Each structure stands twice: as C-alpha cells, then as structure tokens.
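Naming convention: chains lettered A, B, ... in sequence-line order (proteins, then strands); numbering from 1 in each chain. Both backbone and side-chain heavy atoms feed into the values below; hydrogens, waters and symmetry mates do not. Fair warning: this is a prediction, and the values are worked out from it, not measured in the lab.
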Protein chains: 2
Amino acid sequence: MRRILRVVVDEREKSSEVPRLLSSMGLLVEYRVLPVGDYVVSPRCAVERKAARDFLQSIYVGRLFDQARRLSEAYDVPVMVVEGPLYELIDEMENPRSAWGALAAVTIGFGVRLVMTGSQKQTADLVYALALREHRGERRGPYVHHPRARELWEQQIRSASTLPGVGPKLADRLLRRFGSLRKLFTASVAEVAMVEGVGRARAEQIAKFLDAPYSPEGVGEAQKKLSISLLDEGRKD
Amino acid sequence: MRRILRVVVDEREKSSEVPRLLSSMGLLVEYRVLPVGDYVVSPRCAVERKAARDFLQSIYVGRLFDQARRLSEAYDVPVMVVEGPLYELIDEMENPRSAWGALAAVTIGFGVRLVMTGSQKQTADLVYALALREHRGERRGPYVHHPRARELWEQQIRSASTLPGVGPKLADRLLRRFGSLRKLFTASVAEVAMVEGVGRARAEQIAKFLDAPYSPEGVGEAQKKLSISLLDEGRKD
DNA sequence: ATAGCCGGGTGGTGA
DNA sequence: TCACCACCCGGCTAT
C-alpha cells in the first residue's frame with residue numbers, strides 16, 4: 001500500500017477549482033495561510049500559480065520579480081505555473097519581447113521552473129505530477145544535479161558517487177563496508193568486489209579509474225584550452 | 001557602440017521561419033550543423049525547439065529524456081521551447097498526467113528551462129530575449145559544445161573536487177602533482193600541503209574528511225538535533 | 001627575516 | 001539559480 005500524497009494549499013486558493021480537483025484525484029489537501037507560494041508539494045518544492053493576465057500585469061509593477069525572489073529564497077525547487085491564454089495576451093501587447101524577457105529573467109535569473117498550463121484542470125494535473133515525483137524522491141536525472149549536501153555523510157556519499165558505476169545507493173554500501181573514504185579509495189579490487197552490488201567487472205572499472213594517470217591534454221580535443229589556461233606559468237626551478 | 005547579437009542556428013532549422021524572423025530583428029544568424037540544440041544563444045545557453053506534437057510523441061519513445069540529458073550536459077543553461085497548441089493536444093490524450101509528469105521530469109530532473117510558446121514568431125521573440133540577456137553577461141568561449149561522453153580528465157577533476165576546499169582549479173593542480181586519484185587520496189597531510197594553493201589548514205581539513213568514519217544516521221546527539229530541525233516538515237504556525 | 005598587502009580560488013549567502 | 005562577499009592561501013614587498 002502506498003502512502004497518501006499530501007499537499008499544503010494556501011487559503012486564498014480555495015476560490016479556485018484546483019484544490020478540489022486535487023482532492024478528487026486522491027491527494028490529501030491541507031489548507032494554511034502560506035507566506036509564500038500557493039501549493040507546497042514537498043519540503044523543498046512549492047508552486048506559485050498565476051493567471052496569465054495577472055502574470056503579465058505583475059511584470060510592470062515589478063511584483064513578479066519580488067515573488068520570484070521570495071519563492072526561490074524559500075524553496076530549493078521553486079515552480080511557477082502560468083495558467084491561461086498567455087499566447088493570445090502576449091500577441092495583443094505592444095512590446096511582446098519584454099514579456100519574453102521577463103519570462104527568461106524569472107527562469108534563468110531566479111532559477112524558477114516555469115510551466116504554462118491551459119486550464120485549472122491542467123494545473124491540477126501538473127501539481128499532482130509534482131507531488132508524485134517529489135514524494136517518490138524520484139531521480140530521473142543524473143545524480144550530479146543533487147542540490148547540496150550539508151551533512152558529512154552526504155558529502156561522503158557524494159564523493160564516493162564520483163566513482164564510475166557508483167550511485168548514492170552503492171556509495172552507501174561501500175562506505176558502510178569500508179568505514180571511511182580513505183579506506184574505500186585504497187581498497188583492492190578483490191575487497192571492493194566483495195560488496196553486494198559490485199562484481200568483478202565494476203570493481204576493476206573502479207580501480208582503473210582510481211589508478212588512471214591524469215593527462216588533461218589527452219587526446220587533443222578543443223578542451224586543451226582549459227588545461228592551458230590552468231597551467232601555472234610561474235615555474236622557477 | 002553595442003556589439004551585434006549573434007546566434008548559431010542548426011542547419012535543419014532553416015526550414016522554419018524562426019531564423020528568418022531572428023535576422024529581421026537584427027540578430028546575426030550563423031548556420032552550422034549542431035550536435036545538440038537548435039539555437040546557441042551564448043557559450044553557455046542553447047535552445048532546443050520542439051513542436052508540441054513532437055514533444056508529446058517523444059515522451060513515449062523515450063527520446064525526450066535523452067535529448068534533455070544531452071542538452072543539459074552540453075550547456076549550463078539548457079532551454080527547451082515547446083511550440084504550438086500543447087494544451088489542446090494534452091487534453092486529447094488518454095492520460096494527460098503522464099505528459100505533465102514528463103514536463104516536470106525534464107525541468108526538475110534535468111534542470112532544463114521550459115518555455116511554451118504559441119507560434120514561431122513568439123519563439124523568435126523568446127530567442128531574441130535570451131540572446132539579449134546572455135549578451136549582457138558577456139562571457140566568452142566556444143559557442144558550439146559537443147555532447148560526447150565526459151572525458152576521463154574531467155571526471156577525475158570532478159572526483160577530486162568533492163574534497164573540502166577543493167574546486168576545479170585546485171583539483172587540477174593536485175592531480176598534476178600526484179598523477180592519479182589513488183595517489184592523491186592516499187597522500188599524507190604534508191604531501192598535500194606542499195601543493196600550491198593548499199596550506200596546512202586545508203590539507204588537514206582534507207585528511208580529516210578522508211578519514212572521517214561513515215555514520216549515516218548521525219552518532220552525536222547534537223548532530224541529531226540539527227538534522228531533525230532541518231527535516232522538520234513545513235510547520236509554519 | 002618577517003609582517004603586512006594583494007591577487008587568485010573556494011564556498012556560503014541573500015536576492 | 002547566480003552574483004557577490006568573506007575567508008584562506010601563498011607570494012611580493014618594504015622595512
């Protein structure tokens with residue numbers, strides 16, 4: 001049996017259909033007065049819902065950037081949903097480019113993830129998808145995208161995960177087995193291969209990686225630029 | 001005098017109106033065969049343009065996540081533009097939620113910035129706004145990036161950078177000095193401290209990190225309190 | 001010789 | 001997300 005998905009909704013959103021749709025989908029909807037955001041989907045992810053017209057208006061009042069800032073300050077994964085006929089409204093504008101510029105500023109400048117939807121139903125579907133995703137802790141993307149590791153053990157896992165074929169799960173097992181990063185990094189192929197989830201092939205791959213000589217110039221790609229700029233020219237032997 | 005905005009466009013995009021619109025706006029359009037992305041707006045920012053129908057289809061072929069991954073690996077600011085009547089198409093689908101889930105995965109999992117537009121004209125306006133925005137930052141570097149698998153030396157630098165107080169530059173120096181990751185990880189405090197940019201304090205910090213015992217659930221009571229307070233879910237009374 | 005600038009590099013913070 | 005700041009390191013310099 002799987003746990004109920006929970007989402008915290010701002011009181012003011014009661015006037016929209018979205019919360020009702022969410023609870024009809026099986027989500028547990030809980031109302032609060034939220035200082036920022038409209039739908040809190042997980043401790044790190046909140047959604048701000050804005051009607052297309054309101055979105056465009058708030059560009060000129062400067063309110064948009066304020067909200068984007070507050071949202072990204074409060075949550076690691078800030079999402080802004082623009083709901084409604086945005087395209088038509090932008091086409092009616094005198095200078096549509098400023099609207100696209102604002103869009104770019106919000107998503108690139110503040111790191112807010114934008115999604116446009118066509119209706120409240122679609123907004124609800126999106127929020128549901130977000131809740132599902134956040135709840136599962138689903139990692140579709142590469143693990144390097146992990147936000148930030150604060151605790152020591154998280155940093156250790158992150159470090160061990162840089163080994164080829166080693167993700168967070170395996171890193172945990174390896175660290176449990178060896179006790180510290182140093183011991184892991186100095187372990188022999190046979191010792192590493194003994195850990196569950198690591199076979200001979202993977203163990204050898206890891207050893208090969210650790211022992212690989214460092215040659216940034218390598219096979220002469222355009223990457224040379226980096227290594228050249230990194231070279232220190234102040235050798236005075 | 002301000003410099004002309006330049007954008008590199010994939011050859012295949014010639015068949016669309018967008019490049020023509022861009023150059024009529026005053027952008028310098030340069031055609032190339034791009035390995036990834038359709039519009040390269042700056043050394044760090046590229047845009048992949050997808051028709052709404054194509055976008056939805058590529059979800060089911062699995063091609064979407066592949067493209068998202070390649071885009072985000074090659075550029076720091078990957079942008080995906082979904083052009084056309086997405087809302088209507090999604091409403092016609094049997095399970096629209098999977099579409100929103102895919103959208104969420106692309107933008108949250110892969111860090112791709114999504115923007116929906118209603119027409120080629122709007123896409124052009126967006127690309128223009130991006131070019132303007134990126135131009136202000138004035139970064140230089142190669143416009144075309146390659147999606148090829150990360151080079152060995154890059155992975156080695158990434159691995160060494162997980163050490164505390166060590167970024168890409170220091171990682172390079174450390175690896176040059178020690179020759180391989182294994183040798184770096186087994187080096188003594190004194191040896192590490194000899195490298196330029198690493199003093200006694202930093203060397204000791206690194207050693208402490210490597211030798212720290214792994215205790216995922218936290219051993220210290222004080223530590224426990226901290227993590228509990230951090231994990232405390234959105235109680236905002 | 002050495003104590004104090006200064007420029008590069010890192011990582012945390014607030015917008 | 002990203003730009004800015006504060007700290008750490010090591011070399012230079014002026015005594």
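- Rounded to an integer number of Å, the gap from B/Lys169 NZ to D/dG10 C1' is 17 Å.
- Close to D/dC2, at under 4.0 Å from its OP1 or OP2, lies a side-chain N or O of B/Arg44.
- For the salt bridge (charged side-chain N to carboxylate O under 4.0 Å, His left out) test, residues two or more places apart in sequence or in another chain that qualify with B/Asp54 are B/Lys50, B/Arg63.
- A/Glu13 and A/Arg49 get closest at one heavy-atom pair: OE1-NH1, 2.8 Å.
- Atom pair A/Arg69:CZ and C/dT13:P shows a separation of 18 Å (rounding to whole Å applied).
- Looking at heavy-atom distances under 4.0 Å, B/Ala193 makes contact with sugar-phosphate atoms alone, never a base.
- As a whole-Å value, the separation of B/Met194 CE from D/dG11 P is 13 Å.
- Between A/Ser16 and A/Tyr39, the shortest heavy-atom contact is OG-OH, 3.8 Å.
- The nearest whole Å value for the distance from the OH atom in A/Tyr75 to the P atom in C/dG14 is 18 Å.
- Here A/Arg113 lies out of heavy-atom contact (under 4.0 Å) with every strand.
- Residue-level contact check: B/Val195 touches the backbone only, with heavy atoms under 4.0 Å from sugar-phosphate atoms and none from bases.
- One finds no salt bridge joining B/Asp66 and B/Arg70 here, because no Lys/Arg side-chain nitrogen approaches an Asp/Glu carboxylate oxygen to under 4.0 Å.
- Checked for salt-bridge contact, A/Glu154 and A/Arg158 miss the test: no charged N lies under 4.0 Å from a carboxylate O.
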| query | Dot-bracket for DNA chain D, 5' to 3', counting Watson-Crick or G-U wobble pairs under 3.5 Å, with [ ] for crossing pairs and | for inter-strand pairs? | reply | |||||||||||||||
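- Among the nucleotides C/dT10, D/dG10, D/dC2, the one closest to any side-chain atom of B/Glu196 is D/dG10.
- Computed from coordinates, the A/Met80 CE to D/dT1 P distance equals 17 Å when rounded to whole Å.
- As rounded to whole Å, 6 Å separates atom P of C/dA15 from atom CD of A/Glu73.
- The separation between B/Arg173 atom CZ and D/dG11 atom P is 10 Å, rounded to whole Å.
- For the pair A/Arg69 and A/Glu73, the salt-bridge criterion is met [side-chain N within less than 4.0 Å of a carboxylate O].
- One can place CD1 of B/Ile206 at 10 Å from P of D/dC9, the figure rounded to the nearest angstrom.
- Residue A/Val112 is classed as having no contact, given no heavy-atom separation below 4.0 Å to the nucleic acid.
- Applying the salt bridge (Lys or Arg N to Asp or Glu O under 4.0 Å) test to residues at least two apart or on different chains, the pairs with a partner in residues 96-106 of chain A are A/Arg97-B/Asp125.
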